[in-house]
Amino acid sequence: MPEANISNSITMPYSLEAEQAVLGSVLINPDCMEEIVGRVKPEYFFLPQHKVIFASMISMYSGSKAKIDPVVIADVLTKDGQYDDAGGREYLLTLRDNVPSTANVETYAKIVEEQYYLRTLITTSQNIIEKAANGAADANELMDLAEQEIYDIRQGIEINGPRKISDVIINGVYDRLYKLTGDDKEQYKAIPTGFGMLDKYITGLNKSDLILIGARPAMGKTSFALNIAQNITMTAGKKCIFFSLEMTKEQLAERLLAARAGVSSQKLRTGELNDDEWIRLGNAAGEFEKVELYLDDSSAITVSEIKSRVRRMKNVDAIIIDYLGLLRSAKQKENRVQEVSEFTRDLKMIAKDLNIPVICCAQLSRGTEGRGKNHRPQLSDLRESGSIEQDADIVMFLYREDYYRSEVDEDKQDEIDANLTELIVAKNRHGGTGTVKMTFDKEFTRFRSIENKYE
């Protein structure tokens with residue numbers, strides 16, 4: 001098999017004139033730093049001497065009272081042993097004297113920034129080509145790595161600077177309020193979960209929110225997530241993708257069908273159905289015909305791959321991931337805590353970038369088991385990383401006392417309702433916290449809320 005020849009003779013793009021104009025503008029008018037300090041960093045410059053000069057300017061701007069000028073910069077560079085590397089005092093004077101106009105400093109800075117990202121893109125691409133040519137990783141790993149690294153570059157490009165409060169109110173808050181009261185208000189409202197009491201607490205599934213559903217194994221978090229997916233698509237008429245890293249598409253479809261048809265999920269597995277159940281299944285299947293609920297059972301998927309698939313699907317209103325612990329990192333991390341921190345941060349970024357709610361199931365630690373007789377979960381029970389609590393806008397826990405029946409006194413075991421489930425809203429950036437009483441119908445794998453007074 002012939003070997004592929006990779007050419008490294010690519011000339012890196014940069015603008016000498018723009019780099020010189022940025023530095024020269026600051027030397028003429030140090031106030032120019034205020035316009036460019038949030039946009040340009042020392043590493044954005046291509047020429048080494050320009051990196052050194054701008055780094056010294058940043059240092060002086062941040063902590064020194066001395067006014068930036070060629071003489072002071074030369075003195076700083078001399079003390080740091082970088083005077084010759086920066087071209088000496090003569091080069092600093094040349095930079096100052098060759099600036100067309102300091103009024104255009106922001107434009108010069110944009111050119112420097114753009115050239116830097118082009119170089120970064122080339123370097124990243126060359127790195128991926130080299131790994132592919134050397135067989136350092138399989139194709140799927142390389143595609144995940146490529147998507148993640150391109151995503152990281154894009155994150156650096158998107159800069160949201162400060163905006164005046166009046167502008168945010170008029171073009172942000174009021175604009176949203178007008179949309180919520182206009183003719184097309186339904187498309188701007190939060191998506192209802194289908195559980196009335198829960199919606200009163202969290203005001204529905206809001207755009208750009210990261211929502212965590214935590215529970216111990218076998219507590220029903222997958223069933224609850226599927227119930228929400230069904231309500232989002234069938235009741236609210238929205239488009240939702242359900243990513244399952246644990247169950248197959250067929251298993252998920254069986255649960256959805258059983259819940260909708262009111263047929264035991266066990267009977268769907270054994271095929272022992274009577275005529276009436278066959279009819280109910282057929283009717284339920286027909287109801288799913290036009291529903292925009294998509295199931296993805298890719299195992300060990302990465303967050304960047306999830307984002308890529310959602311983008312390709314277009315116009316997705318919500319995504320659900322089951323579950324956090326089975327996600328795979330596109331980059332090697334030192335430990336699991338770092339991995340989980342990266343997952344939750346990236347999931348929150350997906351919610352913000354795509355402006356949709358992201359719902360993710362998470363498994364709780366065994367901390368609930370050793371907490372005396374009160375096993376209700378707490379935020380500290382989120383496994384592997386405190387960043388889960390930090391990044392999530394809403395954290396909910398499922399708790400069923402029946403799960404711990406064996407630890408309850410024998411004379412009180414008969415008092416336990418096996419189906420009674422508490423949905424504990426433990427964190428809510430949009431409102432209050434509290435508990436929603438629900439009943440879990442195990443036979444049909446579906447939850448129903450028990451309406452009570454909302455405080």
Enter the distance from [X]:[atom1] to [Y]:[atom2] here, rounded to the nearest 0.5 Å.
X    : Y    : atom1 : atom2 : value
M349 : L354 : CE    : CG    : 11.5 Å
I232 : F242 : CD1   : CZ    : 10.0 Å
Q115 : K110 : CD    : NZ    : 14.5 Å
L398 : I424 : CG    : CD1   : 8.5 Å
I306 : C360 : CD1   : SG    : 8.0 Å
L121 : R119 : CG    : CZ    : 12.0 Å

Side-chain donor/acceptor of [X] to backbone N/O of [Y], under 3.5 Å:
X    : Y    : answer
K239 : K314 : yes
R446 : D441 : no
N127 : T123 : no
N274 : E277 : yes
R400 : M219 : yes
N231 : T193 : yes
D391 : R345 : yes
E19  : F46  : yes
R280 : A261 : yes
N355 : D353 : no

Mutual orientation of the aromatic rings belonging to H50 and F45 [parallel < 30°, tilted 30-60°, perpendicular > 60°]: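 Ring orientation of H50 relative to F45: perpendicular.
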How are the rings of Y44 and Y116 set relative to one another: parallel (under 30°), tilted (30 to 60°) or perpendicular (over 60°)?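 Judged by the thresholds at 30° and 60°, the geometry between Y44 and Y116 is parallel.
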For residues [X] and [Y], report the shortest heavy-atom separation together with the two atoms involved.
X    : Y    : answer
I36  : A109 : CG2-CB, 3.6 Å
G204 : N206 : O-ND2, 3.2 Å
P13  : I122 : CD-CD1, 3.6 Å
R255 : T445 : O-OG1, 3.7 Å
G432 : Y201 : O-CD2, 3.8 Å
C240 : T233 : CB-CG2, 3.7 Å

Can you confirm whether [X] sits close enough to [Y] that some side-chain heavy atom of one is under 4.5 Å from a side-chain heavy atom of the other?
X    : Y    : value
Y399 : T421 : no
L245 : D322 : no
I211 : V358 : no
I58  : M33  : yes
K437 : E422 : yes
K238 : E292 : no
K207 : I356 : no
I319 : I359 : no

Within the 6.0 Å centroid threshold, strictly below: F195 and F224: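 Yes, ring centres under 6.0 Å apart.
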Does a side-chain N-to-carboxylate-O contact under 4.0 Å join D296 and R309?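 R309 and D296: salt-bridged.
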Inspect the contact between D393 and K427 and indicate whether a charged nitrogen and a carboxylate oxygen are less than 4.0 angstrom apart.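 Result for this pair is no, no salt bridge flagged.
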Residue pair T248 / D297, side-chain donor-acceptor N/O under 3.5 Å: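 The criterion, which ignores hydrogens and geometry beyond distance, is not satisfied for D297 and T248.
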For T433 and N428, test the side chains for any donor-to-acceptor distance below 3.5 angstrom and give the result as yes or no.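 No.
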Looking at [X], I'd like to know if its [atom1] atom is crowded, meaning that more than 12 non-hydrogen atoms belonging to other residues, nucleotides or ligands lie closer than 6.0 Å.
X    : atom1 : value
D275 : CG    : no
K352 : NZ    : no
R448 : CZ    : no

Verdict with reasoning, L324 to F343, per side chain to side chain contact (heavy atoms under 4.5 Å, CB included): CA-CA 8 Å; L324 183 68; F343 295 156; 3.9 Å; yes
Would you sort out whether I241 and I320 count as a side chain to side chain contact (heavy atoms under 4.5 Å, CB included), showing the intermediate values? CA-CA 6 Å; I241 306 179; I320 301 176; over 6 Å; no
Criterion side chain to side chain contact (heavy atoms under 4.5 Å, CB included) against I394, the qualifying member of L205, I213, I202, L210: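 Among L205, I213, I202, L210, the one that satisfies the side chain to side chain contact (heavy atoms under 4.5 Å, CB included) with I394 is I202.
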Test side chain to side chain contact (heavy atoms under 4.5 Å, CB included) applied to L420 and T439, step by step: CA-CA 5 Å; L420 182 63; T439 182; 5.8 Å; no
The test is side chain to side chain contact (heavy atoms under 4.5 Å, CB included); show your working for R376 and F397 and say whether it passes. CA-CA 9 Å; R376 284 175 178 80; F397 298 126; over 6 Å; no
